[in-house]
Amino acid sequence: MGMTSHATEGTRKADAGPEAGTDAGAGPEAGIEAGPGAGVAADAGAGTGSMSELEDVLRRAVRATGTGGRWTTESDDLWCRVAPRSGSGRRQGWKLHVSATAASAPVVLAKALEVLLRDGSGFKFARSLERVSALNSRATPRGSAGKFLTVYPRSDADAARLAQELHRATAGLAGPRILSDQPYAPNSLVHYRYGAFVGRQRLSDAGLLVWYFEDPDGNPVEDRRTGQYTPPEWAVSPFPATVPAAPRATEAAARPVVLGGRFAVREAIRHTNKGGVYRGSDVRTGAPVVIKETRPHVEADASGSDVRDWLRAEARTLEKLTGTGLAPEPLALFEHGGHLFLAQEEVPGVPLRTWVAERFRDAGGERYRAEATEQVARLVELVAAAHARGCVLRDLTPGNVMVRPDGELRLIDLELAVLADDAALPTRVGTPGFSPPERLLDAPVSPTGDYYSLGATVCFVLAGKVPNLLAEEPADRPAQERLADWLTACDASFRLPDGMRELILGLMRDDPAERWSPDRARRFLRGEARAPRSPVPAAPAPVPCGAGGADDPVDAAVAGIVRHLVDTMTPADGRRLWPVSTTAGETDPCTVQQGAAGVLAVLTRYFEVTGDPRLPEPISAAGRWIAERAGTRSTRPGLHFGGRGTAWALYDAGRAVGDRALTDHALALALAPQEPTPSHDITHGTAGSGLAAVHLWRRTGDPRLAALVGEAADRLVAAARMEGAGASWPVPAEAVPQEAGKRYLGFAHGASGIGCFLLAAASVTHRPEHLAAAVAAGEELVAHAVDVGGAAQWPAQAGDVPTAAYWCHGSAGIGSFLVRLWRATGDDRFGDLARRAGRAVVERASRAALTQCHGLAGNGDFLLDLAEATGDPAHRARAAELARLIVAERSLRGRHVVFPNEYGDVTTGWSDGSAGILAFLLRVRHTEPRHWMVQQPV
């Protein structure tokens, strides 16, 4: 494996940012069809505070042209939208995008307004220069990047005419190429694509809300924005073919690409907005190479410097490190097609980030601990050697270090490195969690920043992650104190090697002047002046909620999460009841996964166990909000993405607060016809719908629900593929074509979740074939279990390597089924595997995110299942350790407590946010049933 690009580890941009606000949605298009209002000069910047520099360009242009009475405007933090007073425009068609840099944006806008203000087509532009910079960032999705100004022409003829006029008006000005669009002409700032003008969303087969337009027959077509121009086949372009369209991927693969007349490209390692990173070979020598590409105007600053200057700096650094063995040997710096490329020696091996994940997976906790300690010593030596040669790295991360097959380390991606005689490039870039905080304050280049990054990388090697300590309000707790709390909690569950907590804290001190140097770290590792290991505080025994008092961190976190959920609820908002993250996609706002039903269910449980008098009104209000939007004609299948999961939450909420209208609506929703589904799984398919029906049947005794349970179980029995004693449920081609035939094992999408439903169904139907199918699912899991140092792990699908120990695909979810199957059958093979799955969960605790689907909350819920099933208090004690680890990563925002999800966002949802964390913490303090599971008769 060759070099990696640190762009993959850079500042993450939520998909809801540039792209969601670029071409469709309630944001941008609402302004295009806005009703009457005041003129542009009066309206510009309304609701957003002071007028921005770019809005001032608009104001002056309107005054100069005398066209203020023809337009209405609307601004928010991201966009200024300008719409004609007459007409509402089209819903879809050919749209225009004009790019710019932060330096050129005022002039580009002024030139474009000379064309647009005398026309009648609506448009919008990035409201601020900071927004322009964000659109051109290296981390911006390729389908969104560069779209400074968007025009919504009234007709195809207008689109062609405006494109020509805008091209002439902006010729010679600076701006990046927009990868999702076709350039109007070579080197033009004007681009075009076919897409939606008015934001329309629908649920995809995956249960995510997607933007769409319609084909000529009125069928919905997803409006995809990727890094390639891909117009619909039926959309006839009105533009002249002045630039050849990029070849399709299959066509490009058939023709070898040679860059710079010397380097043959074999494959792409990755593509980002910055450019690609490729593997290839030197046609002169046959030696393997890595080729890095940078595109003009990406990450451009006010002086005109951009990522091409970063690549030139990397080339200079590599030249000066030639022959040292610290970094790859440089081969050539060259231009090709207007882009700048750097070819360098390919370093064999894997990135340190990959090494950490794979070695821990394959070696297990005890063996890995010794290997990780050796790797820490190599890291310290690597940084010390770089500094001895006058090189300040400025972006040391686990992705920028290669582990060679012989175990030696090499530095890669040195584009931000600075040598003693080299000019420093901008310092406000880096990798969250690994870059020192002073980097965001334009601090002078200093080796002490590398000390911090070394500490963070050491933390990653030993613990598997660096905690995401979000900013607090007020910022009363120093970052070093918060990191120490997390390391203490981590040490209690994982047991860091001796002295490593002290080493990490020494390297990552808040004050740069107090940080340990690599030389001091080296001496510490040799045992010089090392203090005896301090005992790690023991985990407190579980106590009832509230008994720990206001100073108990778990109880304080529970109270702060509840305040956050209650205070951030917005019943007047028609789109979302609670704030959610859309980084991984946006779901139906009523569902369990990321919608209101998941949060409602946890608030309901909190009220049931505490009787908190604040809760009945918010619970009723949330229930009414959901009921108004969750129709009962037809619902989607599944528990987490479907209607019956929503019905489950509504029924329990109505029952808790005595609201008969909610329970009646929930029952009608549960009994409503469901859309046909080929999916078998818990989250999207038949098993999830069936499990919700089991719960509601037990709540109501309604025989219609029992009938639905039997029907769902029969479908799954018929769909099972038997191989020996085991059963699996391959993904049908009509469900997810690209995954057709895959046999997933986990709870969310595979045999474990399906088996769990079948086990519950057998207790309702009393039919032996349903129990037999559940047992066969268990046999499939026995057959594919992998033992690593006594811990049981599983691959995501049969034949793969083991995956992380989470609820979704891994040991936590699979163990949740096996422990129930063991209780139902008495077969201790299932119980033994469940207990060993618990070991896998505990060993990997420090490496996990905090949430239900892919993190500690879901893992901890499984440990509590084990405690209940086995009666062994050790499992509950380990769950309490996971709770401490979660709480150590909290952030205080006034009286609220918030947590980062795995993307660094603050969100409230069940699967990836505060609601799911709260559900687990409540179970630590109470012996309550697990959410979205049914109690199994023993």
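Below, all heavy atoms of this structure are taken into account, side chains as well, without hydrogens, waters or symmetry copies.
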### Query
Going by heavy atoms in the side chains, are Phe434 and Thr457 under 4.5 Å from each other?
yes
## Note on the structure
Exactly one of Leu318, Thr322, Val289, Val347 clears side chain to side chain contact (heavy atoms under 4.5 Å, CB included) with Glu329, and that residue is Thr322
### Expected output: side-chain Arg439 to main-chain Pro436 donor-acceptor under 3.5 Å
no
### Query
Of Leu340, Leu342, Asp306, which is the lone residue that meets side chain to side chain contact (heavy atoms under 4.5 Å, CB included) with Thr294?
Leu340
### Query
Name the one of Arg270, Arg266, Glu267, Glu293 that satisfies side chain to side chain donor-acceptor pair (under 3.5 Å) with Tyr278?
Glu293
### Message
Going by the rule ring pair (Phe, Tyr, Trp, His ring centres under 6.0 Å), which residues pair with Tyr806 if we only count those two or more places apart in sequence or in a different chain?
### Response
none
#### Entry: Counterpart residues, side-chain contact (heavy atoms from CB on, under 4.5 Å), relative to Thr324 (two or more places apart)
Leu321, Leu326, Arg389
### Query
side-chain hydrogen bond (donor to acceptor under 3.5 Å, both in side chains) with Arg369: which residues, sequence neighbours excluded?
Glu366
### Task
Would you check if there is a donor-acceptor pair between the side chains of Asp395 and Ser453 at a distance under 3.5 Å?
no
### Task
Would you check, one step at a time, whether the test side chain to side chain contact (heavy atoms under 4.5 Å, CB included) holds for Val466 with Leu483?
CA-CA 9 Å; Val466 178; Leu483 176 62; 5.7 Å; no
### Message
Quick check against the 3.5 Å criterion: does Thr272 have a side-chain atom that pairs as donor or acceptor with the backbone of Gly275?
### Response
yes
### Task
Would you please name every residue forming a side-chain hydrogen bond (donor to acceptor under 3.5 Å, both in side chains) with Arg847, sequence neighbours left out?
none
### Query
By side-chain hydrogen bond (donor to acceptor under 3.5 Å, both in side chains), which residues pair with His809, not counting sequence neighbours?
none
### Query
Which atom names give the shortest non-hydrogen contact between Ala796 and Thr803, and what distance separates them?
N-CG2, 3.9 Å
### Message
Between Asp800 (side chain only) and Pro795 (backbone N and O only), is there a donor and an acceptor less than 3.5 Å apart?
### Response
no
### Message
Can you tell me how far apart CG (Leu454) and CD1 (Ile504) are? Round to the nearest 0.5 Å.
### Response
10.0 Å
### Query
Hey, does Arg353 have a side-chain heavy atom less than 4.5 Å from the side chain of Asn400?
no
### Message
Suppose we screen for ring pair (Phe, Tyr, Trp, His ring centres under 6.0 Å). Which residues come up paired with Trp807, at least two apart in sequence or across chains?
### Response
His640, Phe747
### Message
Is it the case that the side chain of Arg138 and the backbone of Asn273 share a donor-acceptor pair, with hydrogens and angles ignored and the cut-off at 3.5 Å?
### Response
no
### Message
Check for me whether the distance between the ring centres of Phe334 and Phe263 falls short of 6.0 Å.
### Response
yes
### Task
Applying side-chain contact (heavy atoms from CB on, under 4.5 Å), name anything that partners Thr907, two or more places apart in sequence or on another chain.
Val580, Ser581, Asn901, Asp912
### Query
Is any side-chain heavy atom of Arg308 less than 4.5 Å from a side-chain heavy atom of Pro296?
yes
### Query
According to the salt bridge (charged side-chain N to carboxylate O under 4.0 Å, His left out) rule, which pairs have a member within residues 373-382, sequence neighbours left out?
Glu381-Arg522
### Task
Evaluate the salt bridge (Lys or Arg N to Asp or Glu O under 4.0 Å) criterion for residues Arg284 and Asp282: first the C-alpha distance (whole Å), next the side-chain angles of each, then the deciding distance (0.1 Å), finally the verdict.
CA-CA 5 Å; Arg284 297 178 185 174; Asp282 186 335; 5.0 Å; no
### Query
Any side-chain donor-acceptor pair under 3.5 Å between Asp519 and Ser517?
no
#### Entry: Side-chain donor/acceptor of Thr140 to backbone N/O of Ala134, under 3.5 Å
yes
### Close side-chain approach of Arg394 and Val445, heavy atoms under 4.5 Å
yes
### Task
Could you tell me whether the side chains of Arg482 and Ser891 share a donor-acceptor contact shorter than 3.5 Å?
yes
### Message
How close do Leu411 and Leu382 get, counting heavy atoms only, and between which atoms?
### Response
CD2-CD2, 3.5 Å
### Task
For side chain to side chain contact (heavy atoms under 4.5 Å, CB included), just list the numbers for Leu409 and Val403, CA-CA rounded to whole Å, side-chain angles, deciding distance to a tenth of an Å, and then say yes or no.
CA-CA 5 Å; Leu409 305 182; Val403 183; 3.8 Å; yes
### Message
Run the salt bridge (Lys or Arg N to Asp or Glu O under 4.0 Å) test on Glu299 and Lys274 for me, step by step, so that the C-alpha distance in whole Å, both residues' side-chain angles and the decisive distance to 0.1 Å come before the verdict.
### Response
CA-CA 8 Å; Glu299 207 80 50; Lys274 182 175 69 172; over 6 Å; no
### Task
Compare all side-chain heavy atoms of Leu179 with those of His271 and state whether any distance is below 4.5 angstrom.
no
### Message
Between Pro398 and Val461, is there a side-chain heavy-atom distance shorter than 4.5 Å?
### Response
no
### Message
Using the ring pair (Phe, Tyr, Trp, His ring centres under 6.0 Å) criterion, which residues pair with Phe899? Sequence neighbours excluded.
### Response
none
### Task
Say whether, by atom type as modelled, one donor and one acceptor occur between the side chain of Arg142 and the main chain of Thr226 under 3.5 angstrom.
no
### Task
Sequence neighbours left out, what passes side-chain contact (heavy atoms from CB on, under 4.5 Å) with Gln793? Give chain and number order.
Arg361, Val788, Pro802, Ser811, Ala840, Arg844
### Query
Residues in side-chain hydrogen bond (donor to acceptor under 3.5 Å, both in side chains) with Glu335, at least two apart?
none
### Message
Taking side-chain contact (heavy atoms from CB on, under 4.5 Å) as the definition, give me every residue that meets it alongside Glu889, ordered by chain and number, with sequence neighbours left out.
### Response
Lys465, Pro467, Asn468, Leu469, Trp486, Leu850, Pro900
### Query
What are the two closest heavy atoms between Ala805 and Val841, and how far apart are they?
O-CG2, 3.9 Å
### Query
Backbone N or O of Gly325 within a donor-acceptor pair of the Arg410 side chain at under 3.5 Å?
yes
### Message
If you define the side chain from C-beta out and look only at heavy atoms, does anything of Val307 sit under 4.5 Å from Glu415?
### Response
no
### Task
Give a yes or no on whether a salt bridge exists between Arg404 and Asp406, defined as a side-chain N under 4.0 angstrom from a carboxylate O.
yes
### Message
Does any part of the side chain of Gln375, heavy atoms only, come nearer than 4.5 Å to the side chain of Val356, both counted from C-beta?
### Response
no
### Short side-chain to backbone donor-acceptor contact, Glu314 and Leu414, under 3.5 Å
yes
### Stepwise side chain to side chain contact (heavy atoms under 4.5 Å, CB included) test for Arg523 and Trp516
CA-CA 11 Å; Arg523 288 187 281 109; Trp516 290 12; over 6 Å; no
#### Entry: From CA spacing to verdict: side chain to side chain contact (heavy atoms under 4.5 Å, CB included), Leu135, Ser144
CA-CA 7 Å; Leu135 286 168; Ser144 312; 5.5 Å; no
